[in-house]
Protein chains: 2
Amino acid sequence: MKSAAKAMQAEEVAETGAHQIRDAIREAIVERRLSPGTKLSESDVGNLFNVSRTLARAALQALSYEGLVSVEKNRGAFVAYPSPDEARQIFAARRLVEPGILREAATRITPDDIGNLRELLREEGRLMSERGQTARRAEIKASGDFHLMLAEISGNAIMQRFMEELVARSSLVIALYGQSTASSCGHSEHGDIISAIEDNELDRACQLMLHHIAHIEADLDLRERKSLGLKEAFEL
Amino acid sequence: MKSAAKAMQAEEVAETGAHQIRDAIREAIVERRLSPGTKLSESDVGNLFNVSRTLARAALQALSYEGLVSVEKNRGAFVAYPSPDEARQIFAARRLVEPGILREAATRITPDDIGNLRELLREEGRLMSERGQTARRAEIKASGDFHLMLAEISGNAIMQRFMEELVARSSLVIALYGQSTASSCGHSEHGDIISAIEDNELDRACQLMLHHIAHIEADLDLRERKSLGLKEAFEL
DNA sequence: GCTCGGAGGATTGTATACGATTTTTTGCGT
DNA sequence: ACGCAAAAAATCGTATACAATCCTCCGAGC
């Protein structure tokens, strides 16, 4: 999927250096190697990648447009810490757009695409059975890639980019509010959706997608954690 | 709408200076004072706003994330010149998300909101009957604001931001491919949609929205204009 | 002992400087 | 005159420098 996506999307912005840094940090965030709230100082980022603050800053700026990083004036950049309300909005957005993307994708899907999707699924399953951090991270990415691949198949680069943003932000939300340590994305549900598409049961596929998203959301505990950094943490 | 929108959205990024510049340029693009393809050199932008290239660059960068400006490596930034295919994708995206936004908005809409919408409509109508460039520009903005206000009412800041991007890019597309010099957005159709919402006829409202978008799109001539900058322009 | 205030350090905001790349111009040769 | 090549100008890419702001910590005062 990576090469295909890059190819059709045209390289657009480039911005040489900042691009790589942005992608590297985004990947770290999505794979949850960077936790929400972590400070990303411009100097540190610059030193880490051996570039000047100029580029580090540009990368952080870019990530803030995607909602993965929040920069506070004169205070610095932090890995985004989505509020429960933001989390709800992210999933509401996904419920709103994913059925539409699915419908669009279904009208253009080729046997090749289905092959690729099933391939991705197998990979996902394989990772699920493996142990270890790296496998867990790869699994997180793979489960998101399923949704992204559908967006890619839909042929609409704009919706694809939007979905990339939503999936990435979802990863943050799950990191923050997810309860089950299990897979972030019901694996079997992905397969069911593909099957429904194959069988040309569009409406059912959409229903499954909605259920799937609701499933992910149901695993969240979206109560305001007011950090209780006050004395409440010790009283009682 | 402006103050309400600002208030609920939280100021987020700030980035002080670049923010203003970005907004100013975006407004100029959306109101079509800047034509697609116009070069926006960093120095010129900087001089124009009396800031350094650093901030000018940041603003252009930001606009490129919104798809309003395309920056080409080592060549500079230009007001985006959406291809016919891009144009189709923009409207496909709108058809995909606007009904959903409308549904969401309908469940939360208050009498106050309806009042504001009707107010906006009256303003739009007033501008339509006026002559002159400034009136035309204000009308363009007002017709877009109708869609944006619905997104705002929906209460989903993420969808709202996405719609802002789509509406802005639509303006570029219409500037490039629009045929009728008339209003870019069927004025009466907006009113019909509000009425349908008021009457609680949700499905009809969505249908009207889809027709409305199709209407706008139908006014476009999306044939590849290969600029015919060659001799073809004079042969024959 | 606690609070308030200020010096010091750290970090961001913005400007400027310099090297790299592209575009334009100029001038030579044919 | 035309075309091509090299120099000049313009513009971007990145680094560095300086100013402004914020945070920390220490000391004076109550």
Side-chain angles (χ1 to χ4, degrees), chain A residues 10-25 29 34-81 227 229-231 234, chain B residues 10-25 29 34-81 227 229-231 234:
Chain A
E11 67 290 305
E12 59 167 74
V13 62
E15 193 66 8
T16 27
H19 232 237
Q20 287 179 287
I21 299 171
R22 168 168 73 83
D23 291 348
I25 297 179
I29 293 177
L34 284 170
S35 307
T38 303
K39 165 134 204 194
L40 302 171
S41 101
E42 296 177 354
S43 314
D44 290 353
V45 172
N47 289 342
L48 189 56
F49 292 94
N50 284 100
V51 295
S52 74
R53 265 184 57 218
T54 306
L55 292 188
R57 186 186 182 79
L60 293 171
Q61 201 60 28
L63 288 166
S64 97
Y65 290 118
E66 302 177 25
L68 293 183
V69 158
S70 85
V71 322
E72 298 172 33
K73 170 156 167 163
N74 277 319
R75 295 225 26 243
F78 306 82
V79 178
Y81 196 106
S227 81
L230 295 147
K231 328 210 175 183
F234 296 95
Chain B
E11 69 287 307
E12 57 166 74
V13 62
E15 193 65 10
T16 29
H19 233 238
Q20 289 178 287
I21 299 171
R22 167 168 73 84
D23 291 347
I25 297 178
I29 293 176
L34 284 170
S35 307
T38 303
K39 165 137 204 194
L40 302 172
S41 99
E42 296 177 355
S43 316
D44 290 352
V45 172
N47 289 343
L48 189 56
F49 291 94
N50 285 100
V51 295
S52 73
R53 264 184 58 215
T54 306
L55 291 188
R57 184 186 183 78
L60 293 171
Q61 201 62 27
L63 289 166
S64 98
Y65 289 118
E66 302 177 25
L68 293 182
V69 158
S70 83
V71 322
E72 298 172 32
K73 171 159 168 155
N74 276 319
R75 295 225 27 243
F78 305 83
V79 179
Y81 196 105
S227 82
L230 295 146
K231 329 211 172 180
F234 296 95

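Proteins come first, then strands; the chains are lettered A, B, ... in the order of their sequence lines, and each starts at number 1. The model shown is predicted, which means the values in this text are computed figures rather than measured ones. Computed from heavy atoms alone, side chains included, the values below leave out hydrogens, waters and symmetry copies.
Minimum interatomic distance between B/Ala62 and A/Tyr65 (heavy atoms only, all atoms of both residues): CB-OH, 2.9 Å.
Within the 4.5 Å cutoff, side-chain heavy atoms of A/Ile21 are placed close to those of A/Ile25. Two residues are said to be in side-chain contact when any heavy atoms from C-beta on lie closer than 4.5 Å; B/Leu40 and B/Leu34 meet this criterion. For the pair A/Thr54/B/Thr54, no side-chain contact is recorded, criterion being any heavy-atom separation below 4.5 Å from C-beta on.
Within the 3.5 Å criterion, the main-chain N or O of A/Thr38 finds no donor-acceptor partner in the side chain of A/Ser35.
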Task: Summary of protein contacts for nucleotides 5-12 of chain C, nucleotide by nucleotide, where a base hit scores B, a sugar-phosphate-only hit scores S (4.0 Å, heavy atoms) - done: ------SB
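D/dT14 atom P lies 14 Å from atom CG of A/Asn50, rounded to whole Å. Rounded to an integer number of Å, the gap from CD of B/Gln20 to P of C/dG13 is 15 Å. Separating the CG atom of B/Leu60 from the C1' atom of D/dG13 is a distance of 14 Å, rounded to the nearest angstrom.
Note: B/Ser52 OG to B/Glu42 CD = 10.0 Å, rounded to the nearest 0.5 Å.
Note on A/Ser52: a side-chain N or O is less than 4.0 Å away from OP1 or OP2 of D/dA15.
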